[in-house]
Amino acid sequence: MTTSPQPRTHPTTDFAVPTQSRTGNADDTTPARDGGPTRPVTTPDGKLGRTLALEQRDVNKDGFIKEWPSMGLVAMDSPADPKPSVRVDHGQIVEMDGRKRADFDFIDRFIADKVIDPSVTEKAMALSATEIAHMLVAPTISRQEVLAVSRGLTPAKLLEVAKTMNVVELMMAFQKMRARRTPANQAHTTNKLENPVLIAADAAEAALRGFRELETTLGVVRYAPLVAIALLIGSQTGRGGVLTQCALEEATTLKLGMRGLTTYAETVSVYGTEQVFEDGDDTPWSKAFLASAYASRGIKARFTSGTGSEVLMGHADGKSMLYLEIRCILVTKGAGVQGLQNGSISCIGLPGAVPAGMRAVVAENMITAMVDLECSAGNDQAFSHSKMRSTARFLPQLLAGSDLVTGGYSSVPNDDNMFAGSNEDVLDYDDWNTLQRDFQVDGGLRHVTDKEIRTVRESAARALQTVLAGLELDPPITVSEDEIQAAINAFSSADMPKRDIHQDLKAADYIDKKRISGLEVVRALDKDPQHAETVSNVLTMLRQRVSGDLLQTSAILDPDPGMTPRSAVNDPNDYAGPGTGYRPSGQRWEEMKVLRHLIETHPHRRVDDAGEDDADTPEAKKKKADEQAMRRLTFEEGNPAEKRDDPHEVVIALSPGFGRFSGTTITGEYAFADILKALIAGIKTHGGTPRFIRCLHSADVAAVAHTAAKHSGSKIGVGILSRGTTVIHHADLRRLQNLELFPQAPVMTPTIFEEIGKNAALYTQRGDAPDPVPTENDYMARVKYQARAALSQIKEIGFVTEGAPPVELDFKVDGVHWKDL
């Protein structure tokens, strides 16, 4: 007897890939991936089909350009970048990076006078770039030791250090040098309609999900006071202690902060060339003055920069993007603010278009931390059409950890994001949470249930309703019940009722004119006792402003009742190599383990115990389907099985646990009752005689099937595991050989089982093999079902009785004896 070609796999493997397609030409059935064609494409110009398919991939929709150093279109290595140097005379830096003091531009002068420590600079600059890079990655050298050196480094020297390091080394350095031990995250909360009710609801959900800072922006600046109140109310409803800001022009942002309607600011832009600074009517000194204005009111502030901004504005002076960004970083340090939002930010398309651009972005984040600034690490702009590339964009910051892993994860759909869309939005929450869990790294977020989200969104919308009524605005504006219900359920602003824009703008003008403050918001909200917790949270935020603790480097507030500040002062980064530093553990790690869909591993947990929030999950639905399907089968085990003489007999051996802990296939889609009926029908179609036994001594599909064959009068047997893996076997073959193997349990359907039955019957009648049963090959099955397959096998093994003989098996399907089907 000849046998069909076999897959290169152990027969018990559930996800083997056959060596050849069961349907003939494998190219004809290759599944599509990410929108690619399902078949090779022939082209009239003779271009290879694979080449055409590659050209259609999403990554090729991105823009890529050749380097142009003289225009600044180069990531981190321009011929015009200066060489490192420094000279100090009587305590003053008189030469820096090849330029004498008389030739300094105002950025050079600011850095030389306000940033670099003249008492250590010559000694620090004497170290080679490689020596400093080794200090950055060496676990035995502390962060404080590196900071002592970084105080004396010039922009060109910092660039030289970064250029010696690959991306992994930059991540290692970033892990050690970030200011705060515990990572956190920031989100965008905006919408195209500037709808304050939706802002409040979205802010509440974002806070609940774990973001420690929320920022909004506006197309119509006059809306700012109204939207700032909505953001404040929503952020303190979801989870207290979330910092908020309105990213607008600097005067408006400062005014909102002074009145207590926002709690931090970061839209204070700095640049790496004098011309771009001047185009913005600014200097490093004016930015420093603005920073002091925020500090005078206890408002946390960061500056914003980003690799590529000078190129975008046409004045890069031929320098590399990273060199100019380093100048921005040092200006920020000299101005005395606690941190910087960088990582290219809104210019990400430029470093993303040139070679090594993303390496430069990681380097700018690392250097920000290296000079002891809080780093809000970008990832806040749509970066690529490619999901693979978009994920790679944020992985260095996520894996190394950052004070704020994103400078604006979109907590709204990107289509509603007035910042032009983020690298990640609401549709990526589950992916983000899964990556945290996969690598045991903290990206600041957590999974929350639909019930929790619904509760906080409603509370925030009703709190805003109370505030707007209590402020007695002129003209008065209201929040209707329809708006509240819409805000609870809305995916985006397209789902919201239209508001009277003119009335809202007049009310916003009134808030501005009357200088309504955060304290008045508290008084208005306090009129309704159901919002007592939100009242307490907003009031605590205002008290924190008085304490000044938000001025500590990398300050955030813990969401506990006291909203304790967590900063580089009381939560300093203590990474010193393996086994040290921040690792998600304890309650936080348990929280991170929870995802939307988890396969239950506890064998005795009932669906009813899952709780209301789990009732509609796929796993809960599968369990209910299992229970219903198991009731359709009634098994009765008999005497030890014997071999019989019928030459047309096909013995089907069911595995030890088949039908005992589950009633459906691994996908939950097909009941065992239906696949057994299909198998019986297939055997009878070609004159076979089915007989059933249960194998008790093994849960290995090869052993189960071989046991069936050895007890069959025709020497043909079929073995089936609970997860659906199936084999057609012959008694004269070795156990690990077989006639046909069906290893991909997730693709098994009643139709396939009927075909298996037909072929098994044909094997009893022919001296050679029939055509193999055609099956699908789903190469993504492993992703979804391998964990479930393992659980099925674990449970299956629990029913094994070592050394026990197989037994005859009788059963009924829906009350009908199987022989009568």
Take R259 and V521, measure what side-chain contact (heavy atoms from CB on, under 4.5 Å) needs, and give me the verdict at the end.
CA-CA 11 Å; R259 294 177 184 171; V521 170; over 6 Å; no
Do V467 and H531 pass the side-chain contact (heavy atoms from CB on, under 4.5 Å) test, and can you show the C-alpha distance, the side-chain angles, and the key distance before you say yes or no?
CA-CA 10 Å; V467 167; H531 302 303; over 6 Å; no
Evaluation steps, side-chain contact (heavy atoms from CB on, under 4.5 Å), between D416 and L198:
CA-CA 11 Å; D416 229 13; L198 185 57; 4.2 Å; yes
Step-by-step side-chain hydrogen bond (donor to acceptor under 3.5 Å, both in side chains) determination, T189 to S411:
CA-CA 6 Å; T189 306; S411 69; 2.9 Å; yes
Pair N489, R454 - check side-chain hydrogen bond (donor to acceptor under 3.5 Å, both in side chains), show working.
CA-CA 8 Å; N489 295 288; R454 178 177 294 275; 3.2 Å; yes
Could you give me the CA-CA distance, side-chain angles and deciding distance for W432 and L398, then say whether side-chain contact (heavy atoms from CB on, under 4.5 Å) is met?
CA-CA 10 Å; W432 186 278; L398 177 66; 3.9 Å; yes
Residues D482, Q485; criterion side-chain hydrogen bond (donor to acceptor under 3.5 Å, both in side chains); working and verdict:
CA-CA 5 Å; D482 285 346; Q485 294 305 316; over 6 Å; no
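Enclosure of atom CZ in F106 by more than 12 non-hydrogen atoms of other residues, nucleotides or ligands within 6.0 angstrom is indicated. The environment of CD in E533 is sparse: at most 12 heavy-atom neighbours from other residues, nucleotides or ligands sit within 6.0 Å. Within 6.0 Å of atom CD in Q587, 12 or fewer heavy atoms from other residues, nucleotides or ligands are found, so the atom counts as exposed in its surroundings. No more than 12 heavy atoms of other residues, nucleotides or ligands lie within 6.0 Å of CG in D415, so this atom counts as exposed by the packing criterion. Annotation: K387, atom NZ; neighbour count of heavy atoms from other residues, nucleotides and ligands within 6.0 Å does not exceed 12. More than 12 heavy atoms of other residues, nucleotides or ligands lie within 6.0 Å of CG in L427, so this atom counts as buried by the packing criterion.
For the atom pair D202 CG and T190 OG1, the distance stands at 8.5 Å (nearest 0.5 Å). Between atom CZ of residue R209 and atom CD of residue E205 there is a gap of 4.5 Å, rounded to the nearest 0.5 Å. Expressed to the nearest 0.5 Å, how far CG of D403 lies from OG of S567 amounts to 10.5 Å. Distance check, rounded to the nearest 0.5 Å: CD of Q175 to OH of Y582 gives 12.5 Å. The CD1 atom of I556 sits 8.0 Å away from atom CG of L243, with the distance rounded to the nearest 0.5 Å. Taking CG of L519 as the start and OG of S517 as the end, the distance is 5.0 Å to the nearest 0.5 Å.
Proximity of E483 to R499: side-chain heavy atoms (C-beta onward) are separated by under 4.5 Å at one or more points. With a 4.5 Å cut-off on side-chain heavy atoms, V426 and F491 count as touching. Counting heavy atoms from C-beta on, the side chains of S422 and N417 come closer than 4.5 Å. Looking at heavy atoms from C-beta onward, L248 lies in side-chain contact with T217 at the 4.5 angstrom threshold. Residues Q245 and T267 have side chains in contact (heavy-atom distance under 4.5 Å, counting atoms from C-beta outward). Side-chain atoms of R566 and R212, non-hydrogen and from C-beta on, never get closer than 4.5 Å to each other. You'll find the side chain of H315 reaches within 4.5 Å of the side chain of D279, heavy atoms only. Using a 4.5 Å cut-off on side-chain heavy atoms (C-beta onward), R393 and N379 make contact.
Remark: side-chain polar atoms of Q503 are not paired, donor with acceptor, to backbone N or O of I477 under 3.5 angstrom. Side-chain N or O atoms of N185 include none that pairs as donor or acceptor with a backbone N or O of G210 at under 3.5 Å. The backbone N or O of G343 sits less than 3.5 Å from a side-chain atom of E364, completing a donor-acceptor pair. Using modelled atom types, one side-chain atom of Q544 and one backbone atom of M563 make a donor-acceptor pair closer than 3.5 Å. Looking only at distances, no side-chain donor or acceptor of D571 sits under 3.5 Å from a matching main-chain atom of R180. Not one N or O on the side chain of E194 forms a donor-acceptor pair closer than 3.5 Å with the backbone of V227. Side-chain N or O atoms of S402 include one that pairs as donor or acceptor with a backbone N or O of C375 at under 3.5 Å. Looking at N342, its side chain never comes within 3.5 Å of a backbone N or O of S344 through a donor-acceptor pair. Within the 3.5 Å criterion, the main-chain N or O of D425 finds a donor-acceptor partner in the side chain of D428. Remark: side-chain polar atoms of S286 are not paired, donor with acceptor, to backbone N or O of D282 under 3.5 angstrom.
Between F419 and H188, the ring planes lie parallel to each other; the angle is under 30°, not in the 30° to 60° tilted range.
Between Y429 and Y409, the distance separating the two ring centers is shorter than 6.0 angstrom.
Checking each of L254, T253, I299, L256 against T262 for a side chain to side chain contact (heavy atoms under 4.5 Å, CB included) leaves exactly one that passes, namely L256. Among the candidates V405, L435, L399, T406, the single residue satisfying the side chain to side chain contact (heavy atoms under 4.5 Å, CB included) test with F394 is L435. Residue E374 forms a side chain to side chain donor-acceptor pair (under 3.5 Å) with just one option from Q341, R302, R178, and that option is R302.
Electrostatic pairing of E250 and K287 counts as a salt bridge here, judged by a charged N lying under 4.0 Å from a carboxylate O. A salt bridge links K300 and E213; the closest N-O separation between the charged side-chain nitrogens and carboxylate oxygens is under 4.0 Å. The pair R523-E520 fails the salt-bridge criterion, with no side-chain N (NZ, NE, NH1 or NH2) lying under 4.0 Å from an Asp/Glu carboxylate O. With salt bridges taken as basic N to acidic carboxylate O contacts below 4.0 Å, one links D512 and K255.
Nearest heavy atoms, G339 versus T332: O-CG2, 3.4 Å. In terms of heavy atoms, S305 sits closest to C328 at CB-CB, 3.6 Å. In terms of heavy atoms, E266 sits closest to G407 at OE2-O, 4.3 Å. F383 and S390 make their closest contact through CD2-CA, 4.1 Å (heavy atoms, listed as atom of the first residue, atom of the second, distance). Here the closest heavy-atom approach between residue N365 and residue F174 is recorded as O-CE1, 3.7 Å. Contact between A224 and L218 at its shortest, heavy atoms only, is CA-CD1, 3.2 Å.
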